[in-house]
Amino acid sequence: MQTPMAAPNQTDGGQDALVAVSGLTKRFPVLKSLFRQPSSFIHAVDDVSFALAPGESLGLVGESGCGKTTVGKLLVKLLEPTSGGIHFRFPSRDANGGSGEPVDASEIRSTDLRAFRRQAQMIFQDPYESMNPRRTIYDTIAEPLAVQGIGSMTNRVDRVTEILTRVGLTPPSSFLFRHPHELSGGQRQRVAIARALVIGPSFVVADEPTSMLDVSSRTGIMSLMQELAQQYGISYLYITHDLAVARYMCHRIAVMYLGKIVELAETEELLRNPLHPYTRALLSAVPVPDPRFRRDRPDILGDLTLPIDPPPRCRFYDRCPVATDFCEGNPHPPMEEQTPGHWVACYEA
Amino acid sequence: MATVREAPVLEVVDLSLRYQTRQGEVQAVEGVSFELAQGQSLGLVGESGCGKTSVATSLMRLLPENAYLAGGQVKLGGTDLLPLSDDEIRGYRWRRIAMVFQAAMNSLDPVHRVGQQVIEAIEAHRMETTLADARERVARLFRMVGLDPQLMDRYPHEFSGGMRQRAVIAMALSCDPDLIIADEPTTALDVIVQDRILRELKVVQQELRMGMIYISHDIGVVAEVTDRIGVMYAGRLVELGDTADVFRSPMHPYTAALMSSFPSVHGERLPLVGLAGEPPNLIDPPAGCPFHPRCPYADDICRTEFPDRSFRGDNWAACWHPLDASPLSEDRQNQDF
Ligand SMILES: Nc1ncnc2c1ncn2[C@@H]1O[C@H](COP(=O)(O)OP(=O)(O)OP(=O)(O)O)[C@@H](O)[C@H]1O
Ligand SMILES: Nc1ncnc2c1ncn2[C@@H]1O[C@H](COP(=O)(O)OP(=O)(O)OP(=O)(O)O)[C@@H](O)[C@H]1O
Ligand code: SF4
Ligand code: SF4
Ligand SMILES: [Mg+2]
Ligand SMILES: [Mg+2]
């Protein structure tokens with residue numbers, strides 16, 4: 001498998017980042033709740049910055065509800081940010097390989113969205129989200145080809161058949177004319193993957209794409225995604241709760257906690273040398289396939305919290321086993337580069 | 001986790017389920033039999049598409065239109081559920097058997113507040129409750145699955161994937177069922193939240209002596225939460241036994257392949273090796289042992305006759321040439337796939 005490529009700088013991503021995100025923020029108003037004023041906000045994504053090189057896979061891991069899907073949806077313009085910027089530099093399709101002009105995501109108008117979707121796709125956490133229950137599997141996967149005007153009818157049939165085979169739905173003939181509800185959970189997930197990859201995008205947000213697959217099918221899909229990345233220089237933002245999957249798919253991993261990225265490093269470095277107390281807790285809680293093994297209780301305090309108008313201090317403060325008085329009285333710690341390429345936001349790291 | 005012999009809450013005998021499609025009949029479940037004692041948990045594992053969800057939805061009698069039961073019995077506390085009328089089965093569903101659906105995201109109604117949906121489940125099945133009691137109960141269930149009770153009055157689209165999954169777990173537990181079927185209930189949860197929910201689930205399950213069927217591709221979790229484990233391949237149950245024994249020394253070659261191919265975050269990063277070969281086409285499954293096209297030990301009899309069960313203690317495997325009892329290497333947990 002590939003070796004991690006030289007990772008771009010955490011914030012500016014250098015000149016040739018495919019995607020550069022700076023200060024990305026998304027707040028959802030808390031409306032008409034019985035308990036809150038309507039002026040409260042869920043700080044789903046709070047001042048997040050990172051960059052992705054062409055062909056790079058960045059893993060995004062973190063607690064359920066910490067904002068991963070929201071980051072993903074912002075990147076493919078399914079949500080508009082409250083503040084912050086996203087810049088793309090897609091490879092131009094006509095000139096051989098050269099990078100195209102930089103695009104500011106906020107300037108992509110609805111009329112340009114079709115061209116944007118040709119480049120940027122999302123595999124949804126919920127495979128139903130990208131599927132119309134009345135469409136057959138063939139129509140579901142061929143739709144993006146049709147929308148983009150790619151290929152003739154017969155050519156589309158060939159492409160759909162080929163990608164079905166590659167995601168392990170064989171023989172394709174027995175799946176083409178079924179409807180999404182006539183598939184198992186993992187089969188549906190593979191259709192969602194096929195649909196996103198069939199038009200050859202440059203950037204894919206993959207939101208828990210293999211969570212319902214057994215190890216064997218997952219291995220096949222992961223190799224497929226990596227082959228395509230190498231062949232066509234696809235970059236992935238790979239959202240997953242499964243660190244073992246991230247280990248195989250991702251060059252670097254970013255760890256989120258309550259709307260903030262708290263640690264970012266090359267994959268093996270992060271797994272071997274986690275610096276943030278949340279990352280440590282996460283790694284210690286990974287289950288092991290042995291009935292005699294009991295995992296330790298993760299070293300984390302208290303209960304899950306909601307990011308509704310959080311106090312300005314470290315987001316992890318309430319649950320941090322090593323928090324100090326300093327942490328209590330100071331703002332959320334900034335991301336700092338501890339060793340080259342290893343960034344962490346913690347006063348005690 | 002000693003398995004105590006008790007009267008089974010659930011007895012599944014020779015269950016078979018088919019789906020009709022344009023290309024032919026999908027043989028999703030073929031002759032599946034197992035028992036579950038009170039307070040016992042059974043893991044169901046196997047490749048994607050092998051029929052795990054189909055077994056679960058047959059037990060709930062929540063089958064899609066193109067499905068038909070080709071035979072078998074599903075006895076809950078002695079009553080066969082399969083011949084019951086739709087009205088009769090409604091008295092069992094949720095109150096006696098509850099299920100956490102694999103498509104958790106899809107099993108919440110988008111236009112109703114999440115807490116309200118759980119309250120409705122409680123009110124529909126426990127007549128005696130008042131609204132205040134029901135709200136209090138939902139708040140307790142929410143806290144148990146790590147959801148802030150103030151989220152009760154919000155809509156499903158305001159929940160993250162994992163929050164929806166937890167809400168669905170709370171809903172399944174809301175009526176204290178005798179049997180809970182959890183179909184990939186933690187796929188959208190990080191390991192810390194998952195760990196917490198599995199502990200809570202275990203506590204409730206043991207307190208209420210609830211039977212549990214736990215479907216998952218995550219072998220690590222299955223090892224942790226189940227007493228017994230059933231391995232499915234191509235619609236068949238191919239191995240069934242005590243979880244610890246099956247992990248220590250699987251009898252069926254498919255089980256062995258499944259267990260040795262687990263990825264790890266610890267130790268060295270080894271190359272990925274999936275199980276070679278294609279999963280079988282259930283419209284036209286292979287003759288004989290369905291695993292034979294991918295099995296390194298297959299011989300003539302494997303290709304023509306479905307294997308008899310071989311027993312080792314209480315465990316069995318449907319295989320002509322079961323593996324020896326030699327324990328797999330001790331350091332298997334450090335092996336990558
Ligand atoms: N449309 C919305 N309206 C209000 N709140 C929302 C909305 N979408 C997400 N949220 C909230 O924003 C936070 C982040 O949600 P998000 O879906 O990004 O989490 P996630 O990291 O993907 O979690 P999971 O791993 O559980 O899928 C959560 O608290 C969620 O309740
Ligand atoms: N309504 C349906 N019509 C036709 N075929 C179906 C239908 N539902 C499921 N199937 C097929 O039946 C087989 C078993 O499906 P099932 O959902 O039980 O698998 P599973 O073991 O739960 O898989 P996964 O781990 O992917 O969820 C699959 O091959 C699937 O394609
Ligand atoms: S800054 Fe302080 S509270 Fe925050 S993670 Fe570090 S030690 Fe814990
Ligand atoms: S019956 Fe034969 S083909 Fe089937 S698993 Fe056993 S040895 Fe392999
Ligand atoms: Mg999500
Ligand atoms: Mg399933």
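So you know, we letter chains A, B, ... as the sequences are listed, proteins then strands, and number each from 1. These numbers come from the heavy atoms of this one structure, side chains and all, not from hydrogens, waters or symmetry mates.
- Contact annotation for Phe28(A): neither backbone nor side-chain heavy atoms come within less than 4.5 Å of a heavy atom of chain B.
- Contact of Ser284(A) with chain B is not made at all, since no heavy-atom distance falls under 4.5 Å.
- For the set Leu151(B), Thr53(B), Leu282(B), the count of heavy-atom pairs under 4.5 angstrom toward chain A peaks at Leu151(B).
- There is no contact between Arg272(A) and chain B, counting heavy-atom distances below 4.5 Å.
- When each of Thr240(A), Val286(A), Leu283(A) is checked for heavy-atom pairs under 4.5 Å with chain B, Val286(A) comes out on top.
- With a threshold of 4.5 angstrom between heavy atoms, Ser217(A) approaches chain B through side-chain atoms but not through N, CA, C or O.
- With a threshold of 4.5 angstrom between heavy atoms, Leu147(B) does not approach chain A through any atom at all.
- Of the atoms belonging to Asp148(B), it is side-chain heavy atoms, and not backbone ones, that fall under 4.5 Å from chain A.
- Residues Glu158(B) and Val30(A) form no side-chain contact, since every pair of their non-hydrogen atoms from C-beta on lies 4.5 Å or further apart.
- Heavy atoms of Ile300(A) lying under 4.5 Å from chain B belong exclusively to its side chain.
- Interatomic distance, Thr21(B) OG1 to Phe175(A) CZ, rounded to the nearest 0.5 Å: 9.5 Å.
- No other option in Leu213(A), Ile42(A), Thr70(A), Thr170(A) has as many heavy-atom pairs under 4.5 Å with chain B as Leu213(A).
- With a threshold of 4.5 angstrom between heavy atoms, Ile283(B) approaches chain A through side-chain atoms but not through N, CA, C or O.
- With a threshold of 4.5 angstrom between heavy atoms, Leu183(A) does not approach chain B through any atom at all.
- When each of Gly62(A), Ser211(A), Ser174(A), Ser184(A) is scored by its heavy-atom pairs under 4.5 Å with chain B, the top score falls to Ser211(A).
- Both the backbone and the side chain of Glu63(A) come within less than 4.5 Å of a heavy atom of chain B.
- A distance of 13.0 Å separates NE2 of His241(A) from CD1 of Ile192(B), quoted to the nearest 0.5 Å.
- The two residues Glu182(A) and Asn66(B) come nearest to each other via the heavy atoms OE2-ND2, 3.3 Å.
- If you measure heavy-atom distances from Gln187(A) to chain B, the contacts under 4.5 Å come from both the backbone and the side chain.
- With a threshold of 4.5 angstrom between heavy atoms, Asp284(B) does not approach chain A through any atom at all.
- Among Thr69(A), Leu176(A), Leu306(A), Asp207(A), the residue with the largest count of heavy-atom pairs under 4.5 Å with chain B is Leu306(A).
- For the options Arg22(B), Lys52(B), Glu184(B), heavy-atom pairs under 4.5 Å to chain A are most numerous at Arg22(B).
- Rounding to the nearest 0.5 angstrom, the gap separating the CD1 atom in Ile215(B) from the CE atom in Met212(A) is 12.5 Å.
- Heavy-atom distances place the side chain of Glu268(A), and not its backbone, under 4.5 Å from chain B.
- For Val45(B), no part lies near chain A; criterion is any non-hydrogen pair under 4.5 Å.
- With respect to chain A, the highest number of heavy-atom pairs below 4.5 Å among Gly49(B), Pro279(B), Ser216(B) belongs to Gly49(B).
- For the atom pair CG (Asp214(A)) and CD1 (Ile219(B)), the distance works out to 9.0 Å, reported to the nearest 0.5 Å.
- Minimum interatomic distance between Ser64(A) and Asp190(B) (heavy atoms only, all atoms of both residues): N-OD1, 2.7 Å.
- Distance check, rounded to the nearest 0.5 Å: CG of Leu282(A) to CG of Asp195(B) gives 11.0 Å.
- Note that the CZ atom of Arg164(B) and the CD atom of Gln125(A) stand 7.5 Å from one another [nearest 0.5 Å].
- Ranked by heavy-atom pairs shorter than 4.5 Å toward chain B, the options Gly186(A), Ala285(A), Pro171(A) are led by Ala285(A).
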